[in-house]
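Take a look at the structure set out below.
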Amino acid sequence: MSIAELTADERDALVTTHPKWTLSREGKAIDRTIQFADFNEAFGFMTRVALIADKHDHHPEWFNVYNKVEITLTTHDAGGLSVRDVAMAAAIDAMVP
């Protein structure tokens, strides 16, 4: 099933509502970098996000080195950002203020 890409207004609302995320890939994705106290805290966060992502069948692109996690959200099926990314950003923001 195809999913619609966010409109420009919806995309702008996303970054306004979630100011810790920045647009990337020419507006087709959003990024956030989160720093934790140590590796265990970072890895625990990634595990919690993985459980949510698996439940929603929408998985982030991410990179982890020690206490830092870099996350990119995009919906490949939509060719850019979609409501799935809005939901994941909200879930992640709820875990890490």
What is the minimum heavy-atom distance between [X] and [Y], and which atoms define it?
X: Ala29; Y: Arg25; result: CB-CD, 3.9 Å
X: Thr74; Y: His58; result: O-CE1, 3.3 Å
X: Ser82; Y: Ala4; result: CB-O, 3.5 Å
X: Val83; Y: Ile3; result: CG2-CD1, 4.0 Å
X: Asn64; Y: Ala42; result: ND2-CB, 3.9 Å

Once rounded to the nearest 0.5 Å, what's the spacing between atom [atom1] of [X] and atom [atom2] of [Y]?
X: Arg84; Y: Leu73; atom1: CZ; atom2: CG; answer: 12.5 Å
X: Thr72; Y: Asp85; atom1: OG1; atom2: CG; answer: 10.5 Å
X: Ile92; Y: Met88; atom1: CD1; atom2: CE; answer: 4.5 Å
X: Asp12; Y: Thr17; atom1: CG; atom2: OG1; answer: 10.5 Å
X: Lys28; Y: Leu6; atom1: NZ; atom2: CG; answer: 10.0 Å
X: Thr75; Y: Glu5; atom1: OG1; atom2: CD; answer: 9.0 Å

Residue pair Met95, Ile52: steps toward the side-chain contact (heavy atoms from CB on, under 4.5 Å) verdict: CA-CA 11 Å; Met95 283 189 243; Ile52 293 169; 3.1 Å; yes
Does a side-chain heavy-atom distance below 4.5 Å link Val65 with Phe39? no
Is any side-chain heavy atom of Ile30 less than 4.5 Å from a side-chain heavy atom of His18? no
In chain order, what residues pass the salt bridge (Lys or Arg N to Asp or Glu O under 4.0 Å) check against Arg11, with sequence neighbours excluded? none
Name the residue from Lys68, Glu41, Met46 that meets the side-chain contact (heavy atoms from CB on, under 4.5 Å) definition with Phe36. Glu41
Quiz question: by atom type and distance under 3.5 Å, do the side chains of Thr22 and Asp31 form a donor-acceptor pair? no
Shared hydrophobic cluster, Tyr66 / Val69 (ILVMFWY, side-chain heavy atoms < 4.5 Å): no
Kindly indicate, with the supporting measurements, whether the criterion side-chain contact (heavy atoms from CB on, under 4.5 Å) is fulfilled by Arg32 and Asp93. CA-CA 10 Å; Arg32 181 171 177 190; Asp93 285 351; 2.5 Å; yes
Tell me whether Phe43 at atom CZ has more than 12 heavy atoms from other residues, nucleotides or ligands lying less than 6.0 Å away. no
